[in-house]
Amino acid sequence: MSMHPKPIGPVPEDTARVARAAFPKGTTYIQMRDALGAIYEDEDFSELFEVRGRPAIAPWRLALVTLMQFSEGLSDRQAAEAVRARIDWKYALGLQLTDPGFDFSVLSEFRSRLVEGGKEELLLEKLLEVCKERGYLKVRGRQRTDSTHVLGALRVLSQLEQTAETMRAALNALAAADLDWLREHADPKWFERYARRIEDQRLPKGKEARKEYLQTVGADGARLLAQLDDPHTPRILKTLGEVEILRQLWEQRYVQSPEGELRARDPKERPEAAYCIESPYETEVRYATKRGMSWIGYKVHLTESCDEGLPHLITNVHTTAATATDVKQLCAIQEGLAKSGLLPAEQLADAAYVCGSNLVSSHACRIDLIGPTYEDRQWQAKRGEGFDVANFSIDWEKKAVTCPQGRKSIRWSETKTARGRSMIHIDFSPNDCAACPSRPSCTRAKNLPRTLTLQPKEEHEAIQFARERQKREDFAALYSRRAGIEGTISQGVRAFVLYVKLATGA
Ligand code: SF4
């Protein structure tokens, strides 16, 4: 399919006249066309179309229809019908009143082109660009970020059902790829055991019977995998995605003894939730819990502008596995904002995003990350009368620390934690601490001197600065502006089904 870019003209006269008469105050789409123009141009999508072939429907219109369709939650058929029948849609799309529109199938074709061409973010980026040009979005302004859970578009299955359904999915894929091979290698009982979806079958009742069923499914899967590992098995069957999922799931759910006996793993023996496959049909979903709520799916991080006197616009959408922590996502969010030329001067986020390294990396991008910093949990800081880390003077150049009693540290060791974070351990002299009159305010360790653990210089100083700032009276008013993002998330969930990630990737 080819595309020949054409200049976008004004809204046809008849369409504009009828639209104005029917909607004197305008509608969302009439106002959108008036305020933002056509938003997209055909050239924006030129990489996605051939130079020759049947001419495509103007991609700028399909992009607008896609936005309008998702804003109203319309199916492709309903959106195509709206293009044909609704005056405000014709106005936004610059169509004549007599225009018959297009077949609904072009919308899914257009989305497929966007996804295959890696241009799915183009729709948001161009919209933001136009908003920026027209002054609705301030460069280096204030933005706020928060996350919410997103359910995978799948039926939640028990562990038993997941295992058997994964075997079924692999058998179906093998049948489609090479039915003769499957007929030759499959156990005849498998056709009966895995013919119907597992959740539609009557699974055995009782703990022992279910355990036996899980063992049977495990043995079936192990046997199938052994047959696939045979050097004579066609390579195409070995590399099927469903076979790879079966292999991974069996490694996660079963273990083989040195004698060759297969047994189901105890839940405690399974890998972390971040690696556990939850469905053979949507392999990226993960099981997660947060504040007593559990879900299988993803997490989405929304960032929106919140400058006074300007509309609040979503500037970045970042989707991760449900198990990914918020604190690890801030850099990726800021990279996305930098790519769109939308880095803020101030970014408001809750405590889940604030840590020393994020404060430092934000500072490097000239962003003031504003959010509550984790508190010093040492008893000295909690009581408010002991010597916490802020009471010690640190000479980073000389790698020496002086305590409130004026004693110098005797050791400065730089180490890495199990997770690879750099830390610095400080030791004071046992003799100094043993004879110290302030010892009760400094350490409770019997017969041991005071020790400190510091983060690297930039992170330490950033945390200290943030802790001091959050004690100030004006901090609460500054941070209170973050709360508005929860309204945006709520609107996304209630009005735009944000909580379900559709299998199409929408
Ligand atoms: S206990 Fe040791 S480190 Fe603490 S104030 Fe006394 S001398 Fe300094």
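Values below: all heavy atoms of this structure, side chains included; hydrogens, waters and symmetry mates excluded. Because the structure is a prediction, the values reported are computed rather than measured.
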Is it true that Arg142 and Gln347 share a donor-acceptor pair across their side chains at a distance under 3.5 Å? no
For the residue pair Thr303 and Gln143, confirm or rule out a side-chain donor-acceptor distance under 3.5 Å. no
Just by modelled atom types, is the Leu240 backbone N or O under 3.5 Å from a matching donor or acceptor in the Glu244 side chain? no
When rounded to the nearest 0.5 angstrom, what is the spacing between CG in Leu330 and OG in Ser361? 6.0 Å
Compute whether any side-chain donor of one residue and acceptor of the other, for Tyr194 and Asp220, lie under 3.5 angstrom apart. yes
Checking side-chain polar atoms at under 3.5 Å, does Glu165 have a donor or acceptor matched by the opposite partner on Tyr281? yes
Quiz question: by atom type and distance under 3.5 Å, do the side chains of Thr488 and Glu304 form a donor-acceptor pair? yes
Is the Phe392 ring parallel, tilted or perpendicular to the Phe428 ring (thresholds 30°, 60°)? tilted
Are side-chain N/O atoms of Thr323 and Arg286 paired as donor and acceptor at under 3.5 Å? no
Taking the inter-plane angle between the rings of Tyr254 and Trp250 on a 0 to 90° scale, is it parallel (under 30°), tilted (30 to 60°) or perpendicular (over 60°)? tilted
Does Glu414 come within less than 4.0 Å of Lys399, counting only side-chain N to carboxylate O? yes
Any salt bridge between Asp326 and Lys299, counting N to O under 4.0 Å? yes
For the residue pair His425 and Trp412, is the inter-centroid distance of their aromatic rings smaller than 6.0 Å? no
Indicate whether the side chain of Glu208 and that of Tyr213 have a donor and an acceptor atom separated by less than 3.5 Å. no
Are Tyr353 and His301 an aromatic pair, judged by ring center distance below 6.0 Å? yes
